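First up is the structure itself, then whatever we jot down about it.
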Amino acid sequence: MEERSSGKVLAYFSLMNDKVSLNEFENKTEFNRFRKHHFANEKRIKSYPAAKIGRFAVDISARGLHIGSLLLNFIKYFFKGKNKTGCRFITVDAYINAIPFYKKYEFKELTISDKDDEHTRALIFDLKQLDKK
Ligand SMILES: CC(C)(COP(=O)(O)OP(=O)(O)OC[C@H]1O[C@@H](n2cnc3c(N)ncnc32)[C@H](O)[C@@H]1OP(=O)(O)O)[C@@H](O)C(=O)NCCC(=O)NCCS
């Protein structure tokens, strides 16, 4: 995203394909709990397609202006619209300082297995939530 007058980059993000599978969880019980929660009455499969936010930042001069939340919303609806890439989840390895930002927009912790990580935590947003809006 560029500032119109100066051409300065105010924000950017990058995306990649991802999946949610047993590997992300502490153990099979935790993975089964995840599957039960998100896919109560559906056939259980081994991995679920996702899109991952790789990089995401707003220039320090433009923080707090709701550019970050605008872009996050854009990403959610971009993948939800016509179910691009067939993914069900948006994932992010969120910096510890940014966790409250993602949580404000309904991202949840994926697993307890990284609960003591000092730098990042895996968070997830279920695109199905947008059906309710
Ligand atoms: C995290 C980041 C992208 C947020 O972008 P932003 O444009 O400043 O955020 P917004 O203005 O859209 O904030 C929306 C709301 O979230 C809150 N919020 C934003 N960042 C927050 C944070 N780190 N902790 C707690 N709340 C935060 C804002 O206060 C605002 O709340 P409000 O609606 O009640 O006013 C930005 O601070 C940033 O680039 N940080 C450094 C890089 C980074 O950590 N990126 C994440 C990589 S995983």
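Computation of the quantities below employed the complete heavy-atom set of this structure, encompassing side-chain atoms and omitting hydrogens, waters and symmetry-equivalent molecules. Remember, it's 1-based here, ligands and their atoms both numbered in the order they're listed. What you see is a predicted model; the values in this text were computed from it and never measured.
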May I ask you to identify, for [X], whether its side chain, its backbone, both or neither come under 4.0 Å of ligand 1 on a heavy-atom basis?
{"X": "Asn97", "answer": "backbone"}
{"X": "Arg63", "answer": "both"}
{"X": "Leu65", "answer": "backbone"}
{"X": "Tyr12", "answer": "neither"}

Output the list of atoms in ligand 1 that are nearer than 4.0 Å to some heavy atom of [X], sorted by atom number.
{"X": "Tyr95", "value": "43 (C), 44 (O), 47 (C), 48 (S)"}
{"X": "Ser69", "value": "12 (O), 14 (C)"}
{"X": "Ala94", "value": "48 (S)"}
{"X": "Phe56", "value": "3 (C), 42 (C), 43 (C), 45 (N), 46 (C), 47 (C)"}

Can you confirm, on distance only, whether ligand 1 has an N/O atom lying under 3.5 Å from any N/O atom belonging to Asp93?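 For ligand 1, there is no N or O atom that lies under 3.5 Å from one belonging to Asp93.
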What distance do [X] atom [atom1] and [Y] atom [atom2] have between them, rounded to the nearest 0.5 Å?
{"X": "Glu106", "Y": "Leu130", "atom1": "CD", "atom2": "CG", "answer": "8.0 Å"}
{"X": "Lys76", "Y": "Ile90", "atom1": "NZ", "atom2": "CD1", "answer": "9.0 Å"}
{"X": "Phe13", "Y": "Ile53", "atom1": "CZ", "atom2": "CD1", "answer": "8.5 Å"}
{"X": "Asp131", "Y": "Lys80", "atom1": "CG", "atom2": "NZ", "answer": "3.5 Å"}

Is the distance between the ring centroids of Phe89 and Phe34 under 6.0 Å? yes
What I want to find out is whether Arg35 reaches Glu42 closely enough, with some N-O distance under 4.0 Å, to be called a salt bridge. no
I need the nearest protein heavy-atom contact for atom 18 (N) of ligand 1: residue, atom name and distance, please.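 Answer, as residue, atom name and distance: Phe101 CD1, 4.0 Å.
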Short check: is a protein heavy atom less than 4.0 Å from atom 29 (O) of ligand 1?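 Looking at atom 29 (O) of ligand 1, one finds that no protein heavy atom lies closer than 4.0 Å.
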Do Ser69 and Lys104 have side chains that approach each other closer than 4.5 Å (heavy atoms only, starting at C-beta)?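 Sidechains of Lys104 and Ser69: no contact.
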